[in-house]
Trainee: 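Structure below; questions to follow.
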Amino acid sequence: MAVVCFGGSRALSSAFAPLVSRVVGAVVARGALVSVGCASGADAFVVSAVLSAGSASLLRVCAVGSASGAGFWRGSCSLALLRSAGAAGARVLWLAGGGLAVPLRARLFARSLSSLRGCGCAVFFLASASSSGSLAVAAAAAASGLPVFAFSCGFAGAPSPLAGVSGRWSPASFLGFRCWAWLSVAGPG
């Protein structure tokens, strides 16, 4: 079964929640699994979209904190949303970025990388052209050979280039939705 990793800006405006819902709905309608982190903004909209579609069994949430609530930060989505997802049948991976002894910044990035495991592509909803955390995860996805798509939510044009990955953004379509696709260019070899 296909797995699609979703992510994006924790500052994503709720004005883009309908777009997130439509894109995620198209993925779950095809029976694909959805993998996502636990941040506010884009991640929370993805979790809510899957739950609203009645497809919790197709959801994997990689959480930076524990089921008790320890280890989360102010940029996390609500613990209640994560618990609701788990109760509805989603697979919530608590402490997906490592134990509480691991510094938060490292846990956040490791959590994001864990959401990419087993995925066939990665899709990001970006609130700015230079959403640094999301673009770092997108760069890791592209470097590992995954197709990467990005939606420009609230800004015109392509996102910033992916650091450390040769390539460029090109206009594209993801399941019929206009977006950007990262076109990798092979390095010298």
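No hydrogens, no waters, no symmetry mates; every other heavy atom, side chains included, goes into these values.
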Trainee: Counting distance only, does the side-chain N/O of Ser173 pair as donor-acceptor with the main-chain N or O of Gly176 below 3.5 Å?
Mentor: yes
Trainee: If we ignore hydrogens and angles and just use 3.5 Å, is the side chain of Ser40 paired with the main-chain N or O of Gly75 as donor and acceptor?
Mentor: yes
Trainee: Is it the case that the side chain of Arg117 and the backbone of Leu113 share a donor-acceptor pair, with hydrogens and angles ignored and the cut-off at 3.5 Å?
Mentor: no
Trainee: Of the non-hydrogen atoms in Leu79 and Gly69, which two are nearest, and what is the gap between them?
Mentor: CD2-CA, 3.5 Å
Trainee: Rounded at 0.5 Å granularity, tell me how far SG in Cys77 sits from CZ in Arg10.
Mentor: 12.5 Å
Trainee: If I compare all heavy atoms of Ala138 with all of Val148, which pair ends up nearest, and what's the gap?
Mentor: O-CG2, 3.7 Å
Trainee: Main chain of Ser48, side chain of Ser52: is a donor-acceptor contact present, judged purely on distance under 3.5 Å?
Mentor: yes
Trainee: Nearest heavy-atom pair of Val64 and Cys38: which atoms, and what distance?
Mentor: N-SG, 3.3 Å
Trainee: Measure across Phe155 and Leu126 and return the closest heavy-atom pair with its distance rounded to 0.1 Å.
Mentor: CE2-O, 3.2 Å
Trainee: With a 4.5 Å cut-off on side-chain heavy-atom distances among I, L, V, M, F, W and Y, is there a chain of contacts connecting Val27 to Phe151?
Mentor: yes
Trainee: Tell me if a side-chain donor or acceptor on Ser112 pairs with a main-chain N or O of Leu108 at a distance below 3.5 Å.
Mentor: yes
Trainee: Main chain of Gly71, side chain of Arg107: is a donor-acceptor contact present, judged purely on distance under 3.5 Å?
Mentor: yes
Trainee: Taking the side chain as every heavy atom from C-beta outward, state whether Leu33 and Leu58 have any pair of such atoms under 4.5 Å apart.
Mentor: yes
Trainee: Would you check if Trp169 and Leu183 make a side-chain contact, meaning some heavy-atom pair closer than 4.5 Å?
Mentor: no
Trainee: Is there a chain of hydrophobic side chains (I, L, V, M, F, W, Y, each step under 4.5 Å between heavy atoms) that links Leu100 to Trp94?
Mentor: no
Trainee: Would you say the side chains of Ser35 and Arg60 form a donor-acceptor pair under 3.5 Å?
Mentor: yes
Trainee: When clusters are formed by joining ILVMFWY residues with side-chain heavy atoms under 4.5 Å apart, either directly or through shared neighbours, do Leu81 and Val24 land in the same one?
Mentor: yes
Trainee: For the backbone of Ala80 and the side chain of Ser84, can you confirm whether one donor and one acceptor N or O come within less than 3.5 Å of each other?
Mentor: yes
Trainee: Going through the distances and angles, do Cys121 and Phe174 end up as a side chain to side chain contact (heavy atoms under 4.5 Å, CB included)?
Mentor: CA-CA 10 Å; Cys121 70; Phe174 178 76; 3.8 Å; yes
Trainee: Working to the nearest 0.5 angstrom, can you tell me the gap between Leu135 CG and Ser128 OG?
Mentor: 7.5 Å
Trainee: Taking all non-hydrogen atoms of both residues, which atom of Phe45 and which atom of Ser14 are closest, and how far apart?
Mentor: CZ-CA, 3.6 Å
Trainee: Quick one: does any side-chain atom of Ser144 pair with a main-chain N or O of Ala141 as donor and acceptor, under 3.5 Å?
Mentor: yes
Trainee: To the nearest 0.5 Å, what is the distance between CG (Leu12) and CG (Leu19)?
Mentor: 8.5 Å
Trainee: Are Phe149 and Leu175 connected in the hydrophobic side-chain network, where two residues link if heavy atoms are under 4.5 Å apart?
Mentor: yes
Trainee: Please check: side-chain N/O of Ser160 versus main-chain N/O of Ala129, any donor-acceptor pairing under 3.5 Å?
Mentor: yes
Trainee: Can you tell me how far the CH2 atom of Trp73 sits from the CZ atom of Arg105, to the nearest 0.5 Å?
Mentor: 9.5 Å
Trainee: To the nearest 0.5 Å, what is the distance between CZ on Phe72 and OG on Ser78?
Mentor: 9.5 Å
Trainee: Are Leu104 and Val61 co-members of a hydrophobic cluster defined by side-chain heavy atoms under 4.5 Å apart?
Mentor: yes
Trainee: Between Ser152 and Trp180, does any side-chain donor sit less than 3.5 Å from a side-chain acceptor?
Mentor: yes
Trainee: Measure the CG-SG distance between Leu116 and Cys62 for me, rounded to the nearest 0.5 Å.
Mentor: 9.0 Å
Trainee: Measure across Asp43 and Phe6 and return the closest heavy-atom pair with its distance rounded to 0.1 Å.
Mentor: OD1-O, 4.2 Å
Trainee: Is it the case that the side chain of Ser130 and the backbone of Ser132 share a donor-acceptor pair, with hydrogens and angles ignored and the cut-off at 3.5 Å?
Mentor: no
